[in-house]
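I have placed the structure first, in the form of structure tokens, so that the comments after it can refer back to it.
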Amino acid sequence: MFRKDEGGTVVVVVALVLPAILIGTGGAIELTRAVTFRQQLASAVELSCKQAALYVDDRKQKDFHNGVTVLTYPSEVADIAVRNFKAKNVLDGDPPTTVNTDSNVHVEAQRTMPLIFARLLGTNSLSFSASQDCAVTPTDKLPHNPDKPAVVFRESFEGNHDVAATGSGWGVFGGYNNKNSWNGWTTEGAGVEIDSQRAIAVSRVLFGSYFAELDSDCRTATNKGNQSCRSNSTLSHKVNARPGTYQIRYWYVSRKGDSSLGKNVICGAKDKDVAYYTKDGQTNRIEIYFNKLDKNKDGQEIKYNVDDLIDVCVLSNEWTERVINVTVSTAGEYLFTWRAAGREDTYGGLIDNLRICENFCPAT
């Protein structure tokens with residue numbers, strides 16, 4: 001009897017089955033890796049989003065009551081995401097994308113996982129993406145404390161200009177060639193004239209080194225080429241306000257004084273309160289307006305309706321602080337505007353330390 005030689009058959013069978021075994025094994029390994037990688041990516045996105053939302057909510061309340069107006073913290077949120085992605089070992093590639101609004105934190109990322117069995121499986125990598133949105137408390141929903149002052153906005157004209165480098169002691173900013181914008185303000189006319197010359201401010205600068213004038217000089221670089229420049233200018237700031245009481249405080253002095261009136265101050269809530277004083281065409285006249293932006297119209301348009309006038313000054317021989325209280329009945333965006341409205345001769349009223357506060361402003 002002779003034994004059958006089956007060795008060749010076994011070799012053939014193994015040769016046929018081995019690739020399938022390898023592909024199956026490699027695929028199973030890569031599937032396990034892919035599931036783990038996807039979970040790490042999703043976990044990094046989720047942790048980043050939730051931690052960022054907690055950070056924003058906590059800091060937002062503190063900063064809002066200290067007068068900070070930009071409450072989205074994009075760089076801090078991005079740092080939180082990077083730390084979480086590093087901890088989850090999925091930081092390779094582009095940084096995670098973070099987008100902040102007043103009411104939301106958004107985190108998303110795309111990552112590619114290289115395959116160990118790339119040649120066997122016929123592809124080099126697998127791509128994954130993950131994203132998440134986390135709600136944060138909108139500014140107008142922050143807890144309200146009617147007994148605590150909260151500075152919403154403050155401007156004392158100390159930064160974001162190069163007056164010190166001009167050598168002249170003054171400069172005009174936010175005009176025609178600056179797209180009618182300066183330091184968070186919207187401007188009309190020539191722009192805001194920032195000055196350090198004490199001689200034109202009764203020899204005193206109360207806050208820092210600078211103050212502002214709104215009957216500004218058109219003959220400056222910011223208005224080069226502006227054929228319709230008007231020296232009487234405005235500064236307007238938009239505030240997202242919630243129902244309650246707001247206080248506006250600012251300091252005023254006449255550049256062109258009237259010694260015959262001594263320490264008398266000619267200011268009031270409406271035009272009728274100052275209309276009797278007409279000397280020099282009320283060249284020092286500064287008006288303050290407060291109005292709700294109508295979203296059904298052009299929200300950026302600055303208007304000067306008589307009903308929106310809340311304060312007007314035409315003369316003071318010394319720096320005097322004006323204090324105005326207004327009531328917001330419905331939440332929304334409101335516009336606060338300072339406007340030069342006397343004779344246009346580049347000799348206007350001077351202003352400094354402008355503050356908009358919720359409830360009331362601190363004493364200083």
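For reference, positions follow the sequence shown, starting with 1. Because the structure is predicted, anything quoted here is derived from the model rather than measured.
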Between [X] and [Y], do the side chains contain an N or O donor and an N or O acceptor separated by less than 3.5 Å?
X	Y	answer
Y250	D311	yes
K256	T283	no
R255	N284	no
N353	S156	no
T166	S168	yes
D57	T137	yes

Quick test of your reading of the model: are E46 and K88 salt-bridged, counting only N-O distances below 4.0 Å?
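Salt bridge between E46 and K88, a charged N being under 4.0 Å from a carboxylate O: no.
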Looking at R249 and E321, does any basic side-chain N land under 4.0 Å from a carboxylate oxygen?
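A salt bridge links R249 with E321.
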In this structure, would [X] and [Y] fall into the same cluster of hydrophobic residues linked by side-chain contacts under 4.5 Å?
X	Y	value
I288	L315	no
Y210	V192	yes
I286	L354	yes
L261	Y276	yes

Nearest 0.5 angstrom please: [X] [atom1] to [Y] [atom2], how far?
X	Y	atom1	atom2	result
R154	C361	CZ	SG	9.0 Å
S43	R38	OG	CZ	10.5 Å
R322	I248	CZ	CD1	11.5 Å
E213	L350	CD	CG	5.5 Å
D102	T72	CG	OG1	8.5 Å
L41	N89	CG	CG	12.0 Å

Side-chain touch [X]/[Y], heavy atoms, less than 4.5 angstrom:
X	Y	result
C229	Y176	no
T112	S127	yes
D215	D345	yes
R230	C218	no
V253	T320	no
E155	H237	no
Y277	D258	yes
N183	F173	no

If you compare all heavy atoms of [X] against all heavy atoms of [Y], which two are closest, and at what distance to 0.1 Å?
X	Y	result
S231	E344	N-OE1, 3.1 Å
T98	A81	CG2-CB, 3.9 Å
V312	K270	CG1-O, 3.5 Å
K224	N177	O-ND2, 3.0 Å
G159	W182	O-CZ2, 3.5 Å
V136	N104	CG2-N, 3.4 Å

Using the rule ring-ring contact (aromatic ring centres under 6.0 Å, His included), only one of W338, Y246, F336 pairs with F290; which is it?
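With F290 as partner, ring-ring contact (aromatic ring centres under 6.0 Å, His included) holds for just one option, F336.
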Given the rule in the side chain to side chain contact (heavy atoms under 4.5 Å, CB included) test, do V323 and F360 qualify, once you have shown the distances and angles that lead to the verdict?
CA-CA 10 Å; V323 180; F360 57 95; over 6 Å; no
Residues, nucleotides or ligands: over 12 heavy atoms within 6.0 Å of [X] [atom1]:
X	atom1	answer
K50	NZ	no
Y347	OH	no
R219	CZ	no

Centroid separation F157 to W185 less than 6.0 Å
no
Could you go step by step and tell me if R285 and D271 meet the side chain to side chain contact (heavy atoms under 4.5 Å, CB included) rule?
CA-CA 10 Å; R285 183 176 178 122; D271 177 69; 2.8 Å; yes
Sole residue of V172, V163, D162 in side-chain contact (heavy atoms from CB on, under 4.5 Å) with I194:
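Result: among V172, V163, D162, V163 is the only option passing the side-chain contact (heavy atoms from CB on, under 4.5 Å) with I194.
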Could you tell me whether a side-chain N or O of S131 sits under 3.5 Å from a main-chain N or O of V107, the two making a donor and an acceptor?
no
How far apart are the C-alpha atoms of V105 and Y55, what are their side-chain angles, what is the distance that settles it, and do they pass the side chain to side chain contact (heavy atoms under 4.5 Å, CB included) test?
CA-CA 11 Å; V105 172; Y55 173 87; over 6 Å; no
Audit row: F211, I200, side chain to side chain contact (heavy atoms under 4.5 Å, CB included) steps and yes/no
CA-CA 10 Å; F211 53 89; I200 68 171; 3.8 Å; yes
